2 protein chains.
Amino acid sequence: MLPPLVLDRNSPVPLHFQVSQHLEQVITSGQIPPGTLFTSEIELGERLGVSRPTMRRAMQQLVDKGLVVRRRGIGTRVVRPKVKRPMELTSLFDDLKSGGQSPTTQVLALEEIDSDEALAAKLEVKPGEPVVRVVRLRSAAGRPIAKMTNYLPTGLVDFDAETLEEQGLYALLRARGVQMHMATQVVGARQATASESRLLDEPRGSALLTMERTTYDDHGTVVEYGSHVYAASRYTFETSLMRS
Amino acid sequence: MLPPLVLDRNSPVPLHFQVSQHLEQVITSGQIPPGTLFTSEIELGERLGVSRPTMRRAMQQLVDKGLVVRRRGIGTRVVRPKVKRPMELTSLFDDLKSGGQSPTTQVLALEEIDSDEALAAKLEVKPGEPVVRVVRLRSAAGRPIAKMTNYLPTGLVDFDAETLEEQGLYALLRARGVQMHMATQVVGARQATASESRLLDEPRGSALLTMERTTYDDHGTVVEYGSHVYAASRYTFETSLMRS
DNA sequence: CAGTGGTCTAGACCACACC
DNA sequence: GTGTGGTCTAGACCACTGT
């Protein structure tokens, strides 16, 4: 029923993760169709050569990803995939890229400025402290789709506009070892101003999606604050929510 | 350092949950300020009289809620609370209510209709099958804030308009034993139509936030499909995202 | 070095669903 | 009953951090 799996017990990758990765691949590749009842975790653990707690941990990760449901007395069942992935801790650049589109970026500004009171509060730095301001125009399929304004602590920025046009801000931060861990977002809407209409190639007064996001690393330090506007006629946010 | 906790080992509530609930209460009440280093999980477990795996499980739940961060070799540290709650599996009614506002609801329609092809696909029923359509106007602080259109399988609806104006759709479903487990949402924006402007007491052409949501129970069955519009000048969605 | 959290194991008892 | 997942325990080894 299940393709064999060879575990590498000397790998730094935890066993439970190796197991769940394997099962996830098996499920998403369609080798086990939705509705199928899994072999019990006990037998599965024996077959793979891991203990029951380890097996359970792997299973729990599949539950968290919405790939299976478990019911006491019944078993573990593969569900039809319903989860939409986006609006995670990824950037618009990543979203478009993995969506098959070809995003391009134009850096409109990349400069150091002195933070005013409001901005300093957002970034949790001292008022007046210099921060970096980045303004970018993101396009997909040849049309502008979003104007993105980001503010970052000066220490995190050591790239130039050219690099930024190729890689996406989040990818660059990650490559520099920044571990983004959490973000809070506020999504709203408003009408486009005249300049926004021109920039995004939209009719005057058309609706824009707005998003403000503050991103933190795993110490709780602010990594970035962004204020973005999207052409609502061509972009939406998709999310999945799971009960706790 | 920690207030004492008496565990009820005969309670159906799992020990790990009793522990994590207690610790969460201690943290959110401010008895342990942000930045504090916790006692080690071993000593904490001994003190509370639970095994280390149980203690770890309780701790992990605090991590999942973004209340603490754990670092190997260092310890467990309380972080400043950053998580915003809403946009979970709750309804606008619940959101407003817990936000201290006093929401009111006006039921504009509550009727059984025959589903067309598109709607049947959304609800995963046979085309032509009757479904229930609910249209409501939600107000807060005396002003309209959202027009909400929902479609549900006929079997789930046994309430009347009056009940619906008092309780909120999600609360009613929950009270009837429906276990909502997952939802997928698409958030967008567009300009208000003439009738929407009138209904929501907004200027013509103003921006609306739109949200389409499909909710599933834990079997993966569709519970509800909703298409809502919000007056963007008075409502936003707030979310927290955590790196898996 | 000592202390922390991260991983893994072996075994036990329980609640629940189905036969 | 039998088999499932849910909970809990006791103990072990490891990787990492600070001194």
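These numbers come from a predicted model, not from an experiment. In what follows, every chain begins at residue 1, and chains take the letters A, B, ... in the order their sequences are listed.
Rounded to a whole Å, the CD atom of A/Glu46 is 13 Å from the P atom of D/dG3. Across the protein-nucleic acid pair, B/Asn10 atom CG and C/dC14 atom P stand 11 Å apart, rounded to whole Å. One can place CG of B/Leu44 at 13 Å from C1' of C/dG5, the figure rounded to the nearest angstrom. If you take CD1 of A/Ile74 and C1' of C/dA17, they are 5 Å apart, rounded to a whole angstrom.
The side chain to side chain contact (heavy atoms under 4.5 Å, CB included) test applied to B/Glu46 returns B/Ile42, not counting sequence neighbours. Looking at residues two or more places apart in sequence or on another chain, you find no side chain to side chain donor-acceptor pair (under 3.5 Å) involving A/Asp217. For B/Asn10, the side chain to side chain donor-acceptor pair (under 3.5 Å) criterion is met by no residue, not counting sequence neighbours.
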Quick one: which protein N/O atoms are closer than 3.5 Å to N/O atoms of nucleotides 6-10 of chain D? Pair and distance per line, please.
from	atom 1	to	atom 2	distance (Å)
D/dG6	OP2	A/Arg56	NH1	3.1
D/dG6	OP2	A/Arg56	NH2	3.0
D/dG6	N7	A/Arg52	NH2	2.8
D/dG6	O6	A/Arg52	NH1	2.9
D/dT7	OP2	B/Arg57	NH1	3.4
D/dT7	OP2	B/Arg57	NH2	2.6
D/dT7	O4	A/Arg52	NH1	3.4
D/dC8	OP1	B/Leu15	N	2.3
D/dC8	OP2	B/Leu15	N	3.4
D/dC8	OP2	B/His16	N	3.4
D/dT9	OP1	B/Arg9	NH2	2.4
D/dT9	OP2	B/Ser51	N	3.0
D/dT9	OP2	B/Ser51	OG	2.9
D/dT9	OP2	B/Thr54	OG1	2.6

Show which side-chain atoms of residues 117-128 of chain A pair as donor or acceptor with protein atoms under 3.5 Å away, not counting sequence neighbours.
none

Result block: side-chain N/O donor-acceptor pairs under 3.5 angstrom for residues 69-77 of chain B, not counting sequence neighbours:
from	atom 1	to	atom 2	distance (Å)
B/Arg70	NE	B/Thr76	OG1	3.0
B/Arg70	NH1	B/Glu41	OE1	3.1
B/Arg70	NH2	B/Glu41	OE1	2.6
B/Arg70	NH2	B/Thr76	OG1	3.3
B/Arg77	NH1	B/Gly35	O	2.8

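The side chain of B/Thr76 contributes no N or O atom lying less than 4.0 Å from OP1 or OP2 of C/dT4. Under 4.0 angstrom from either OP1 or OP2 of C/dG3 there lies no side-chain N or O belonging to B/Ser40.
Considering only heavy atoms from C-beta on, B/Leu169 stays 4.5 Å or farther from B/Val134 through its side chain.
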